[in-house]
Amino acid sequence: MRSSRPKVLHMVAGRSLLGHVLTALNMTGNTAIAVVVGPEHDDVSADARANFAASQVFVQKERRGTAHAVLAAKPAIEQGADDIVVVFGDTPLIQPQTLEKLRGAIAEGAAVAVLGFKPADPTGYGRLVTQGAELIAIVEHADATEQERAIALCNGGLMAFDGRVALKILERIGNANRKSEFYLTDAVKIARDMKLKVVALEVTEDEVSGINTKAQLAATEATMQQRLRQAALEAGVTLVAPDTVYLAADTKLGKDVTVEPYVVFGPGVTVEEGATIRSFSHLAGAHVGKNAIVGPYARLRPGAELEENVHIGNFVEVKEALIEAGAKANHLSYIGDARVGAGANIGAGTITCNYDGAAKHRTDIGEGAFIGSNSSLVAPVKVGDGAYVGSGSVITADVPAGALALGRGRQTVKEGWAKRLRELKSLGRGLMNARSKPD
């Protein structure tokens, strides 16, 4: 990946590659998850537990092949299970339904089930040699005959084992090969030598495609976005220009939500039914209530909580703030670490000054309050219900309910000053012209 970040921690749709795999596994239900990581990869272990708290993490101290990696989790396998599913951490497009198919094959009597796919170009892939529904062998491309290379079904790598015989098969895998590694694919031959049933299941290529380059990461992002957009459309969301909207894996959009072009959803966003997200807005870690309007060019940062019928307009940023029902901040404002009461109006250019250089402080704006344009509210401060803040004010003390607060310098007017200034400028230009003439 040409990156200092572990491969499985690269992101697709706001979630790590590993996180996608763990989520798919968890959605199959009744699942215990063991994650095998390389040495000194505490960050991968932490991500595994963040995505699935009950994950058991095992370290493969030496890199000696895929079967060797699976056996690093031997204590988990020994705990007993109806089936053991082996999934790679860099296959984020794998779907729960496919994992269920693997488990179903084991439930129906197979000892080993392998996922296969038919790529447009099979060059380099191992071939699945089948006879009817049964898998006879996995032949690597380099070792395949011309007849075997003509087989369209290729090895996807993911497989499942009958839990009762998994260890018996895995522990018989040897390393008598050019690299002296223990290959998981050898499980097919071993199971067949044990007179056990082995089957192949076909899936689409994207589900089993691993990611090894940034180009493949980008292609996977595109595929994931298409999936997410299609799911949103089918759920009753209006995407005005679907290809311009970017969703996170956990984005939740209610029915009759309208999303205009060029909107980006980061992780942790919920938008309730009937809301409108206008063009060029960016949301992350935010909740948008029913029938609210956000944007255009709005930014909702983590902790933004908008109740129903709220209006957040162009070039307004909200962070760690509750905006109660019917409140409006229609343009050019920053609302951070605050509460804005129901029905309050935030004028253009309003800033909640929440950071003093050392700590964050909160601003509380009451119901029905009116904050005049270009005002700065220096937290901690409270503006009472129904209070008014005059435009251009700097508010440093609490404002009682129903009061008017003004915090600005008194205006001074000097009659005729502008006319005299223009005369002086004109005189100055005349002098300059005179001086520039030759003697």
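Quantities reported herein were computed from a predicted structural model and do not represent experimental measurements.
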A.B. asks: Classify the ring geometry of Y297 against F315: parallel below 30°, tilted from 30° to 60°, perpendicular beyond 60°.
C.D. replies: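 Answer is parallel, since the angle falls under 30°.
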A.B. asks: Is the shortest distance from a Lys or Arg side-chain nitrogen in E202 or K118 to a carboxylate oxygen in the other one below 4.0 Å?
C.D. replies: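 Salt bridge between E202 and K118, a charged N being under 4.0 Å from a carboxylate O: yes.
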A.B. asks: Between CG of D364 and CG of L322, what distance do you get to the nearest 0.5 Å?
C.D. replies: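 One gets 9.5 Å once the value is rounded to the nearest 0.5 Å.
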A.B. asks: Just checking Y262: does its OH atom have more than 12 heavy atoms from other residues, nucleotides or ligands closer to it than 6.0 angstrom?
C.D. replies: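 Incorrect, the count does not exceed 12.
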A.B. asks: Indicate whether any N or O donor in one side chain lies under 3.5 Å from an N or O acceptor in the other, for T98 and E207.
C.D. replies: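 Yes, a side-chain donor-acceptor pair sits under 3.5 Å.
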A.B. asks: Strictly distance-based, threshold 3.5 Å: is any side-chain N or O of R127 a donor or acceptor partner for the main-chain N or O of P122?
C.D. replies: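 Yes; judged by distance alone, with no hydrogens or angles, the pair exists.
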A.B. asks: If only atom types and distance count, is the side chain of Q56 paired as donor or acceptor with the main-chain N or O of I33 below 3.5 Å?
C.D. replies: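 No; zero donor-acceptor contacts below 3.5 Å.
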A.B. asks: Please list every donor-acceptor pair under 3.5 Å in which a side-chain atom of residues 341-349 meets a protein atom from a residue at least two apart or in another chain.
C.D. replies:
none

A.B. asks: Between T223 and T220, does the side chain to side chain donor-acceptor pair (under 3.5 Å) criterion hold? Intermediate values first, please.
C.D. replies: CA-CA 5 Å; T223 301; T220 301; over 6 Å; no
A.B. asks: Quick check for you: to the nearest 0.5 Å, what is the distance between T66 atom OG1 and H68 atom NE2?
C.D. replies: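 If I round to the nearest 0.5 Å, the distance is 11.0 Å.
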A.B. asks: Any salt bridge between D250 and R15, counting N to O under 4.0 Å?
C.D. replies: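 Here D250 does not pair with R15 in a salt bridge, since their nearest N and O are not under 4.0 Å apart.
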A.B. asks: Within a radius of less than 6.0 Å around NZ of K255, do more than 12 heavy atoms belonging to other residues, nucleotides or ligands occur?
C.D. replies: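 Atom NZ in K255 is not crowded, with 12 or fewer foreign heavy atoms closer than 6.0 Å.
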A.B. asks: More than 12 non-hydrogen atoms from neighbouring residues, nucleotides or ligands closer than 6.0 Å to NZ on K382, yes or no?
C.D. replies: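 Atom NZ in K382 is not packed in, count stays at 12 or less.
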A.B. asks: Minimum heavy-atom separation for I77 and A166, please, with both atom names.
C.D. replies: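 Heavy-atom minimum between the residues: CG2-CB, 4.4 Å.
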A.B. asks: First locate atom CG of L300, then atom CD1 of I335, and finally report the distance between them rounded to the nearest 0.5 Å.
C.D. replies: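 Reported value, rounded in 0.5 Å steps: 10.0 Å.
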A.B. asks: When you compare the side chain of N155 with that of V114, does any pair of heavy atoms fall below 4.5 Å?
C.D. replies: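 Counting from C-beta outward, V114 and N155 do come under 4.5 Å.
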A.B. asks: Quick check with a 6.0 Å cut-off and a 45 degree axis cone: is R229 positioned over the face of Y246's six-membered ring?
C.D. replies: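 Yes.
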A.B. asks: List the atom of L184, the atom of V86, and the distance in Å for their closest heavy-atom pair.
C.D. replies: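 For L184 versus V86, the nearest heavy atoms are CD2-CG1, 3.8 Å.
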A.B. asks: Is the number of heavy atoms from other residues, nucleotides or ligands under 6.0 Å of K252 NZ greater than 12?
C.D. replies: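 12 or below, so no.
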A.B. asks: Do the side chains of E320 and R362 get close enough for a salt bridge, i.e. N-O under 4.0 angstrom?
C.D. replies: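 No, this pair does not count.
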